[in-house]
Structure formats: C-alpha cells, structure tokens
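Just so you know, ligand 1 is whichever comes first in the structure, and atom 1 is the first atom listed for that ligand.
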Amino acid sequence: MRTLMIAGGAGFIGSNYCRLVLERHPDYRIVVYDKLTYAGNPANLADIADDPRYTFVLGDICDADAVRAAIRKHDVDTIVNFAAETHVDRSLSEPGAFIMTDVYGTHVLLEAVRELGLERFHQVSTDEVYGEVLTGSSAECDPLAPRSPYSASKAGGDMMVLAYHASFGLPVTITRGSNNIGPYQYPEKVVPLFITNAIDDLPLPIYGDGHQMRDYQYVEDHCEGIDVVLHHGVPGEIYNLGSGVETRNIDMATLLLDLLGKPHSLLQYITDRPGHDRRYSVNIEKVCALGWEPRHTFAQALEKTVRWYVENEPWWRTIKSGDFYRAYYEKHYAGREIKPD
Ligand code: NAD
Ligand code: DAU
C-alpha cells in the first residue's frame with residue numbers, strides 16, 4: 001500500500017488527480033492536504049468523500065509542524081504538490097501570497113521530505129516559468145524567464161526542488177504543464193469564465209487583441225502525464241506536459257460560443273493584462289518517451305469542458321453568486337471595455 005499526500009488536492013487539477021489515483025491504483029491511499037483558499041472547494045471531492053482510501057486534512061503547506069504531523073499520522077511516503085496560488089491576474093495585485101505558498105510552502109514540503117525520509121516528491125509546475133515563447137517550443141533544459149509574480153514564484157519553487165535534489169539527493173521530479181481545461185476549474189480562469197458568462201448571455205472579456213496563444217490541454221491528460229512521471233520519471237528530471245498544439249484566445253472564444261449556440265457579439269475587447277505573455281509552447285518529446293501521449297485534441301477538450309459546465313450549473317453558480325467572486329469580478333473587469341472609435 002502506497003500513501004500519497006496530495007497537497008492542494010481540493011483545487012481544480014488536484015481533485016481530478018485524486019479521482020485518477022483512486023481509479024488507477026486500487027492499492028493506494030490518498031491524503032488530501034489543503035488550506036481551502038477561495039480556490040479549494042470540498043465540492044470538488046464530493047464524489048470520493050466516502051471512499052475508505054481517501055482522507056482530508058485541512059492545513060497550510062507553509063505550516064511545517066502541521067505538514068509533519070499529517071505525514072506521520074497517515075504514514076505518507078510520497079508527496080505530489082499541487083498546492084499553489086495560481087491566477088496570474090491576482091498575482092499582479094497580491095504577489096505576497098504567491099511568494100509565500102509557491103516558494104516558501106514548497107520549501108516546507110521539501111524539508112519534511114528530507115527530515116522524514118519520504119520516498120518521493122513530485123512538483124506540479126507550469127510552462128509559464130519559461131516566459132513568453134514567440135517562436136518554437138520550450139524544452140526542459142531552456143533557461144527560465146518568468147515575467148509575472150505568479151510565474152516567478154513557480155520558478156522559485158522549481159529551483160528549490162532542484163536544489164534539494166542536488167544538495168541533499170532528494171528523489172524529486174517536476175512536470176511543467178500548459179493551460180488545463182475541464183471539470184471543476186474555478187471560473188476566474190478564462191475557459192470556465194467564458195463558458196459560464198456565455199450561458200448567461202454576458203460578455204466574454206478578451207484581453208487586448210485576443211491573439212495571444214495558449215496550449216489548452218484536457219485536465220485528464222495532464223493528470224495522466226503527472227502519474228506517468230511519478231511512476232516512470234527519473235529523479236532529478238523535469239518533464240513538460242501539454243497537447244503540443246497552441247490556439248489563439250479569440251479562436252478558443254469563438255469556438256466556445258459556437259458550441260453553446262451563442263452569438264459572436266458577446267465577444268468584448270478590454271484593456272490588456274499588464275505584461276501579458278503572448279505565447280507559450282512546450283516540446284513534449286521527453287514525456288512521450290516515457291509512454292504518455294495526450295488523448296484529447298483541443299476541440300474534444302473544449303467540447304467536453306463546455307458539456308460539463310452545462311451539466312453542472314449548481315457547482316459554478318454557487319461560486320459565481322458568492323460575495324467573494326462578485327467583488328473580484330467587479331474590481332477586476334469594471335470599466336476596462338475598449339470603446340470602438
Ligand atoms: P487551483 O487554484 O484550482 O487550486 C489550488 C489548490 O491549492 C486549492 O485547493 C487551494 O486551497 C490549495 N492551496 C493554496 N494555497 C495553499 C497552501 N498554502 N496550503 C495548502 N493548500 C493550498 O489550482 P490548479 O489550477 O488546480 O493548479 C494546481 C497546480 O498546477 C498549481 O501548482 C499550478 O501552478 C499548476 N498548474 C496549473 C495549470 C492550470 O492551467 N490551471 C497549468 C499548469 C500547472
Ligand atoms: O500556462 C499554464 C498556466 O495557465 C497555469 O500555470 C496558471 O495557473 C493558469 O492560470 C494559466 O495561466 P494563464 O494566464 O494562461 O490563464 P488564464 O485563464 O488567466 O488566461 C488564459 C488566456 O486568456 C491568457 O492569454 C489571458 C486571457 N484572458 C484571461 C482572462 C481571465 C482573457 O483574454 N480574458 C480574461 O478574462
């Protein structure tokens with residue numbers, strides 16, 4: 001029996017990963033360790049709440065004593081770290097929380113792995129650490145050039161993970177994933193924001209000219225990739241994960257409106273994100289050599305994602321109708337429309 005601590009398991013990707021582990025590894029137990037920030041949601045794990053192999057621990061990865069206590073109490077041998085502040089726009093207004101969780105929190109987990117002699121640590125990172133990539137694709141050996149407080153914090157976390165491998169021989173791996181879409185994504189991120197706005201006939205706020213490019217991958221593909229790296233990756237190594245195909249935001253938004261049968265007049269251009277990275281692109285050859293490949297095209301991923309939000313209105317309406325979300329939306333989007341000349 002292997003016991004995984006899934007830090008940040010109540011968030012979007014972490015909760016999808018919990019389901020994958022319980023399905024794929026009948027002999028594993030999982031301990032979700034999560035602070036339940038605004039992005040952590042017990043409803044994301046409701047369908048596995050009664051599984052005897054699942055335990056939830058409320059805790060902060062920055063709290064060293066609580067982390068160690070949870071590891072000891074539940075006999076954890078492996079940590080997969082999803083816990084992070086993750087929204088680029090929020091990192092522009094509140095960078096401190098990102099530095100704290102994404103850098104310091106990662107260090108706290110690594111210290112626990114070192115002191116308690118755990119078998120493995122896996123860090124879930126992002127393609128944003130490479131910075132914007134105007135041509136070609138990022139390879140794992142490329143220099144890091146993060147440009148937002150979010151990506152700089154994630155890069156700091158990655159560096160700490162690699163330092164613990166070099167300095168103390170910790171058995172670590174890192175994956176750097178591209179933009180995920182799919183069930184349970186908090187509707188501040190562009191795809192669930194646009195789907196849920198479109199369902200309600202609200203405008204879809206496009207930053208700048210909408211020609212920025214992202215590699216939108218289906219969350220299940222990303223989780224499968226993380227699991228392959230956890231089991232077959234080489235300690236000390238980094239693996240990119242993505243679909244390998246980039247899409248312009250405006251094309252993603254237009255396809256999404258078509259899938260929902262909504263008019264393109266809902267597209268609304270607004271002032272751009274400061275320092276907005278124009279394009280990310282990852283080379284995925286290294287992880288494919290481990291036997292993984294993405295199973296969804298962008299069109300399939302978007303279609304499944306749209307369907308999930310259509311069929312799960314209570315999940316996102318609860319979030320979007322709350323004071324916290326409404327205050328953020330008003331503060332972030334009000335008055336940013338670009339008026340036609
Ligand atoms: P999310 O924002 O949906 O969830 C983050 C989770 O971490 C939440 O459950 C939150 O409560 C928890 N958390 C935050 N701070 C914590 C702390 N100090 N202690 C314990 N728990 C804490 O995030 P996500 O989109 O699921 O991303 C998960 C991971 O994957 C992150 O590390 C992110 O950088 C990385 N990533 C995300 C994407 C993407 O497209 N969403 C792509 C590549 C990599
Ligand atoms: O690349 C991986 C990263 O993808 C993850 O590490 C991050 O955690 C995740 O948030 C995501 O970052 P992005 O900044 O790419 O995601 P976001 O959904 O915020 O924006 C995607 C694109 O859509 C980006 O080019 C900005 C644009 N956008 C976003 C919002 C919220 C808009 O045009 N309008 C919007 O309202």
(message) Could you work out, for atom 3 (O) of ligand 1, the closest of Tyr33, Tyr38, Phe12, Tyr150 by heavy-atom distance?
(response) Phe12
(request) Could you verify whether a donor N or O on one side chain and an acceptor N or O on the other, from Arg29 and Tyr54, lie under 3.5 Å apart? (result) no
(request) Name the orientation class of the two ring planes belonging to Tyr325 and Tyr329 (parallel below 30°, tilted from 30 to 60°, perpendicular beyond 60°). (result) parallel
(message) Using the ring centroid of each side chain, check whether Tyr17 and Phe82 are separated by less than 6.0 Å.
(response) yes
(request) Would you mind checking which non-hydrogen protein atom is closest to atom 21 (N) of ligand 1, with the distance to 0.1 Å? (result) Lys35 N, 3.1 Å
(request) For atom 6 (C) of ligand 1, find the nearest protein heavy atom and state the residue, atom name and distance (0.1 Å precision). (result) Gly8 O, 3.7 Å
(message) Tell me the protein heavy atom at minimum distance from atom 5 (C) of ligand 2, and give that distance in Å.
(response) Tyr150 OH, 3.5 Å
(message) I want to confirm something. Looking only at heavy atoms, which of Ile13, Asp127, Asp209 is nearest to atom 2 (C) of ligand 2?
(response) Asp127
(request) Establish, yes or no, whether a centroid distance under 6.0 Å links the rings of Phe12 and Tyr184. (result) no
(request) State whether Tyr38 and Arg90 meet the cation-pi test: NZ (Lys) or CZ (Arg) under 6.0 Å from the six-membered ring centroid, and within 45° of the perpendicular axis. (result) yes
(request) Heavy-atom distances under 4.0 Å are what count here, so tell me which part of Leu36 touches ligand 1: side chain, backbone, both or neither. (result) backbone
(message) Return the closest protein heavy atom for atom 21 (C) of ligand 2 as residue, atom name and distance.
(response) Val190 CG1, 3.5 Å
(request) Report the nearest protein non-hydrogen atom to atom 32 (O) of ligand 1: residue, atom name, distance rounded to 0.1 Å. (result) Lys154 NZ, 2.7 Å
(message) Below 3.5 Å, N or O to N or O, backbone or side chain included: is there any such pair between Asp60 and ligand 1?
(response) yes
(message) Quick test: of every protein heavy atom, which one is nearest to atom 40 (O) of ligand 1, and how far off is it to 0.1 Å?
(response) Asn180 N, 2.9 Å
(message) Tell me the protein heavy atom at minimum distance from atom 24 (C) of ligand 2, and give that distance in Å.
(response) His276 NE2, 3.4 Å
(request) Compare Tyr184, Phe82, Phe98 and give the one whose heavy atom is closest to atom 31 (C) of ligand 1. (result) Phe82
(message) Among all the protein's non-hydrogen atoms, which is closest to atom 44 (C) of ligand 1, and how far away is it?
(response) Ser125 O, 3.1 Å
(message) Taking 4.0 Å as the limit for heavy-atom contacts, which would you say applies to Tyr329 with ligand 2: side chain only, backbone only, both, or neither?
(response) neither
(message) What protein heavy atom lies closest to atom 37 (C) of ligand 1? Include the residue and the distance to one decimal.
(response) Ile13 CD1, 3.4 Å
(request) Could you tell me the residue and atom name of the protein heavy atom closest to atom 30 (O) of ligand 1, and the distance to it rounded to 0.1 Å? (result) Val124 CG1, 3.4 Å
(request) Return the residue, atom name and 0.1 Å-rounded distance of the protein heavy atom closest to atom 10 (O) of ligand 2. (result) Lys189 CE, 2.9 Å
(message) I want to know if ligand 1 touches Thr101 in the polar sense, i.e. an N/O pair below 3.5 angstrom.
(response) yes
(request) Name the option, out of Val108, Asp102, Thr86, that contains the heavy atom nearest to atom 1 (P) of ligand 1. (result) Thr86
